[in-house]
A.B. asks: 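Below you'll find the structure I mean.
Start at 1 and go down the list; that is how both ligands and their atoms are numbered. Heads up: numbering here begins at 1 and tracks the sequence.
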Amino acid sequence: MALEIFPIFLFVWGTLGETVDYTSNLVFDPLFYVQTNYDLQLHHLTSPSAARTHWLDYGIDEGRQACGSFHSKQYIERYPDIKIAFGATGYREAIGHFIRFQASEARLGYKEGGLDGRWTISNGNGLYLSASERMAGAVDSLVWNHKEFINAYDHGRELQMAINTDTFGECYNPTEAGGRDDGNTMGTKSRSQWVHVAGNVLQSEVLPSYWLRAESTQSHSSGGNCTRGSPALNTNDYYHYPMSKRVTIGCGGMQNCIEFISNFTIGGRWPEGFGYMQMESPTGYLAGDFTEKYSFNPETNQMIPYANNPHLPVALATTDGNYAMGAYAPGEQDTDVPMTYWAINFPSGQWNAATNKWNIVFRKHRQEDPGPHSFVYRAYFCVGTLSDVRTCLATLHGNGETLPVG
Ligand SMILES: *[C@@H]1O[C@H](CO)[C@@H](O)[C@H](O)[C@H]1NC(C)=O
Ligand SMILES: *[C@@H]1O[C@H](CO)[C@@H](O)[C@H](O)[C@H]1NC(C)=O
């Protein structure tokens with residue numbers, strides 16, 4: 001903490017007359033801006049440039065957060081010297097200070113412990129992960145090399161946990177971040193119990209919302225017993241048993257490896273007539289430009305074009321391979337059906353609605369007694385360039401993290 005006070009330089013640079021690029025990727029990401037400031041949808045920010053214009057004209061002075069790794073308000077609250085110099089609402093000056101000095105002063109752009117419904121952790125070296133109150137503590141932002149990776153267009157995306165069954169799909173679907181109809185609100189029907197952040201570890205617990213609110217109907221087919229017009233099978237808006245998680249940046253000796261431990265508690269009476277519960281633990285919905293799908297071949301330690309083989313770890317990457325995320329879950333976990341990986345593209349003409357998904361799914365047979373039963377799963381995901389992700393997956397594999405037999 002002693003290093004957090006830097007009183008000396010504050011008044012000097014303001015006199016230099018240098019222009020500040022307020023749209024620097026240190027402080028602004030158009031995708032993060034529109035998805036986190038949900039109310040801006042009302043302003044029809046239909047392109048990254050419209051988002052940029054809104055940020056410059058209003059967002060900066062309103063103290064809005066415009067990227068996952070920096071928030072002017074949190075920066076001011078974190079560093080007393082910044083607050084003294086610029087005042088509690090000196091957002092514009094705080095942004096200028098961060099852009100100019102973050103590299104030399106090694107300051108962090110967010111408040112440790114969270115503020116105003118957002119909680120951020122980092123590895124102190126360019127990888128940031130955060131969760132929000134609007135998403136009930138689900139991870140809705142990951143920044144690496146100044147780029148937002150996560151699509152948080154609605155409450156069914158993010159990087160999160162969910163449960164459904166082989167036949168009832170979204171008609172009975174406890175979802176960490178919230179439900180379908182939360183998409184056009186500032187809140188969520190999921191009931192966040194707590195979120196704790198410290199250093200590189202984020203933990204949370206939630207009573208998840210069902211994807212469909214009680215007494216609503218499904219809009220498309222998602223399983224044999226859940227088609228267009230099927231009713232929600234839940235009689236409440238949220239599930240009475242918790243999901244919890246512990247997310248740690250840094251694993252297997254690597255800074256770009258993230259460990260995700262999920263704990264699903266399942267209880268009560270589930271609908272009759274399905275074979276198994278499917279636990280996404282977790283799933284990641286990435287930004288629209290992560291269109292390239294790969295599989296990891298554990299025999300050669302190479303990435304190969306997506307093999308549609310559910311037993312091979314998957315990765316999604318941008319076309320230039322400069323940004324990628326790969327998923328890996330060790331074998332020998334408590335699953336009744338072999339664990340699977342999946343990757344799928346969801347294109348859209350709307351710039352912030354297109355997304356690309358990976359998931360890791362464990363399955364347990366129908367539990368005959370109402371429980372509750374808890375199921376705990378370990379997964380990893382690797383972030384970086386496609387080449388970094390390959391190395392990370394190969395290292396996890398080489399560290400003796402056995403793959404499920406497939
Ligand atoms: C679910 O679908 C199966 C197969 O179509 C059917 O046999 C079963 O009765 C359905 N269950 C319910 C509760 O609708
Ligand atoms: C999983 O969650 C349940 C319910 O909160 C709790 O009782 C159990 O101790 C948790 N298990 C682990 C390994 O954290």
Side-chain angles (χ1 to χ4, degrees), residues 121 131 136-139 160-177 190-198 200-212 214-236 238-249 251 258-283 329-337 339 360-380 401:
I121 60 171
V139 173
Q160 66 165 318
M161 304 160 67
I163 322 173
N164 65 17
T165 68
D166 51 347
T167 65
F168 296 110
E170 293 175 0
C171 292
Y172 200 84
N173 180 200
T175 303
E176 183 186 2
S190 291
R191 301 201 163 187
S192 175
Q193 303 298 289
W194 45 262
V195 177
H196 295 158
V197 284
N200 62 337
V201 180
L202 181 150
Q203 300 181 80
S204 71
E205 182 176 301
V206 66
L207 300 178
S209 157
Y210 291 98
W211 180 244
L212 298 185
E215 295 174 10
S216 61
T217 52
Q218 173 63 327
S219 55
H220 61 272
S221 185
S222 69
N225 291 102
C226 184
T227 55
R228 188 181 163 84
S230 297
L233 295 168
N234 42 291
T235 51
N236 286 299
Y238 71 96
Y239 189 54
H240 289 271
Y241 299 87
M243 287 177 182
S244 59
K245 65 174 184 283
R246 190 184 74 218
V247 188
T248 307
I249 305 183
C251 39
I258 297 170
E259 181 191 63
F260 194 111
I261 310 271
S262 324
N263 180 353
F264 295 87
T265 299
I266 292 176
R269 286 264 161 240
W270 278 56
E272 294 296 323
F274 65 89
Y276 45 79
M277 316 208 178
Q278 319 193 116
M279 289 167 272
E280 292 191 284
S281 49
T283 177
E332 314 294 326
Q333 301 202 54
D334 181 14
T335 187
D336 291 338
V337 177
M339 181 235 123
I360 290 176
V361 183
F362 295 93
R363 296 180 175 84
K364 290 298 288 182
H365 290 311
R366 234 190 107 69
Q367 306 292 305
E368 290 307 332
D369 74 274
H373 301 272
S374 288
F375 302 105
V376 177
Y377 297 107
R378 188 156 48 99
Y380 300 105
E401 296 288 6

A.B. asks: With rounding to the nearest 0.5 angstrom, report the CE to CE distance, M279 to M243.
C.D. replies: 9.5 Å
A.B. asks: Distance-only check: which donor-acceptor pairs under 3.5 Å involve side-chain atoms of residues 200-207, not counting sequence neighbours?
C.D. replies:
residue: N200; atom: ND2; partner: I249; partner atom: O; Å: 2.9
residue: S204; atom: OG; partner: K245; partner atom: NZ; Å: 2.8

A.B. asks: Using 4.0 Å as the upper bound for N to carboxylate O, is an ion pair formed by D336 and R363?
C.D. replies: no
A.B. asks: May I ask you to check whether N225 has an N/O atom sitting below 3.5 Å from an N/O atom of ligand 1?
C.D. replies: yes
A.B. asks: Under the salt bridge (charged side-chain N to carboxylate O under 4.0 Å, His left out) definition, can you give me all pairs with a residue in residues 260-276, not counting sequence neighbours?
C.D. replies: E272-R366
A.B. asks: Checking Y210 against Y239: is there a side-chain donor and acceptor pair closer than 3.5 Å?
C.D. replies: no
A.B. asks: Once ring-ring contact (aromatic ring centres under 6.0 Å, His included) is applied, do any residues pair with H240, and if so which ones, sequence neighbours excluded?
C.D. replies: Y238
A.B. asks: Can you give me a line-by-line list of nitrogen or oxygen pairs between ligand 2 and the protein shorter than 3.5 Å?
C.D. replies:
residue: ligand 2; atom: 2 (O); partner: N263; partner atom: OD1; Å: 3.3
residue: ligand 2; atom: 2 (O); partner: N263; partner atom: ND2; Å: 2.4
residue: ligand 2; atom: 11 (N); partner: N263; partner atom: ND2; Å: 2.8
residue: ligand 2; atom: 14 (O); partner: N263; partner atom: ND2; Å: 3.3

